[in-house]
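Note that the coordinates shown come from a computational prediction; the quantities given were computed from them, not determined experimentally. Worth knowing before you read on, the calculation uses all heavy atoms, side chains too, and leaves out hydrogens, waters and symmetry mates.
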Amino acid sequence: VVVQNGVLKIKTIKENYGGSEYTSARLKSQGKFSFKYGRVDIRAKLPAGGGTWPALWMLGENITSVGWPACGEIDIMEHLGNELNKIHGSLHSPTNYGGNSNSGITTISNATTEFHIYSVDWSETYIRFYVDNVAFFTYANSSGTPFNTNFFFILNNAMGGWGGTVDPNFTSSTFEIDYIRVYQ
């Protein structure tokens, strides 16, 4: 991880380390910054390559006491390198998690070559997902969901898993985050 010219860069590299074939990073604001409700804008350029799985997401601050998925998970943006330019926005809760999450999908152009703004507008009555200010999924929030407590941020790029088969020619890729803005 490095900051260059004001841009956070999470680099994923094909290299053996600690029994794994790849190195990358996960940054989280747990214990440092959390909030409840507002609009989040994240300007980012996504990493390229089959098997990459970049994500801009949030977890309920109460995860240490209630566990997952009871704490709730708000996936502002997930992208699968084997499904180029397809952007996912998802919510995980005790009744809808894993492959059964509440989700929306949109397709954009040039997700790995240009910066885009990934956003969520979160209130006690709805959670709405956007790319470049175009809404693509709205969820009806209510007092019965876990989306009514403070949440913290996680930024990461995973390899494989839901990201799919890793391209055998993959050597490295960079996930770039220009800014994260929270409006309340």
Side-chain angles (χ1 to χ4, degrees), residues 1 3 8-12 17-20 22-44 46-47 51-81 87-105 117-131 136-164 175-184:
V1 176
V3 176
L8 173 69
K9 296 183 178 186
I10 301 172
K11 191 163 189 170
T12 303
Y17 182 81
S20 297
Y22 305 94
T23 58
S24 187
R26 175 184 67 177
L27 288 80
K28 58 184 185 170
S29 69
Q30 185 177 20
K32 296 172 178 56
F33 176 78
S34 65
F35 68 103
K36 180 172 89 171
Y37 306 141
R39 179 171 170 118
V40 175
D41 289 340
I42 303 175
R43 186 171 183 265
L46 308 182
T52 59
W53 177 13
L56 306 167
W57 51 303
M58 302 188 302
L59 285 174
E61 188 176 57
N62 59 352
I63 189 168
T64 56
S65 60
V66 302
W68 184 90
C71 66
E73 177 178 325
I74 301 172
D75 297 325
I76 300 168
M77 183 287 309
E78 290 182 285
H79 179 260
L80 310 178
I87 305 301
H88 299 257
S90 303
L91 298 158
H92 300 267
S93 66
T95 55
N96 295 93
Y97 60 92
N100 186 36
S101 65
N102 289 294
S103 301
I105 299 171
I117 299 172
Y118 304 95
S119 307
V120 66
D121 189 7
W122 170 33
S123 79
E124 60 188 290
T125 58
Y126 67 89
I127 303 171
R128 187 168 295 131
F129 296 81
Y130 301 82
V131 175
F136 69 92
F137 175 58
T138 301
Y139 172 83
N141 197 16
S142 69
S143 62
T145 73
F147 308 114
N148 298 290
T149 62
N150 280 13
F151 275 63
F152 63 89
F153 287 109
I154 302 174
L155 314 171
N156 70 283
N157 184 47
M159 291 297 289
W162 193 46
F175 185 10
E176 299 182 54
I177 296 97
D178 183 28
Y179 61 74
I180 299 174
R181 296 179 179 157
V182 177
Y183 302 92
Q184 290 186 290

Checklist outcome for this item: For Thr52 and Pro47 the tightest heavy-atom approach is OG1-O, 3.9 Å
Item to check | Residues forming a side chain to side chain donor-acceptor pair (under 3.5 Å) with Ser20, sequence neighbours excluded | outcome: none
Next on the checklist: Can you confirm whether or not the ring centre of Trp57 sits under 6.0 Å from the ring centre of His92?
Outcome noted: no
Next on the checklist: Please tell me whether Phe35 and Phe153 form a close aromatic pair, meaning their ring centres lie under 6.0 Å apart.
Outcome noted: yes
Checklist entry - For the residue pair Ile10 and Leu155, what are the closest heavy atoms and their distance? => result CD1-O, 4.1 Å
Next on the checklist: Looking at every non-hydrogen atom in both residues, tell me the closest pair between Phe136 and Ile87 and how far apart they are.
Outcome noted: CE1-O, 4.1 Å
Next on the checklist: If the condition is salt bridge (charged side-chain N to carboxylate O under 4.0 Å, His left out), which residues does Glu176 pass it with, not counting sequence neighbours?
Outcome noted: Lys45
Item to check | Minimum heavy-atom distance Pro54-Phe175, with the two atoms named | outcome: CB-CE2, 3.7 Å
In a table with atom names and distances, give each donor-acceptor pair under 3.5 Å that connects a side chain of residues 140-148 to protein atoms at least two apart or in another chain.
unit_1	atom_1	unit_2	atom_2	d
Asn141	OD1	Thr145	OG1	2.5
Asn141	ND2	Ser123	O	2.9
Asn141	ND2	Phe147	O	3.2
Asn141	ND2	Asn148	OD1	3.2
Ser142	OG	Gly144	N	3.4
Thr145	OG1	Ser142	O	3.1
Thr145	OG1	Phe147	N	3.3
Thr145	OG1	Asn148	ND2	3.2
Asn148	OD1	Tyr37	OH	2.6
Asn148	ND2	Ser142	O	2.8
Asn148	ND2	Thr145	O	3.3

Next on the checklist: Checking Arg128 now: which residues fulfil salt bridge (charged side-chain N to carboxylate O under 4.0 Å, His left out) with it, not counting sequence neighbours?
Outcome noted: none
Next on the checklist: Restricting to salt bridge (charged side-chain N to carboxylate O under 4.0 Å, His left out), what partner residues turn up for Asp41, sequence neighbours left out?
Outcome noted: Arg39
Next on the checklist: Going by the rule ring-ring contact (aromatic ring centres under 6.0 Å, His included), which residues pair with Phe137 if we only count those two or more places apart in sequence or in a different chain?
Outcome noted: Phe129
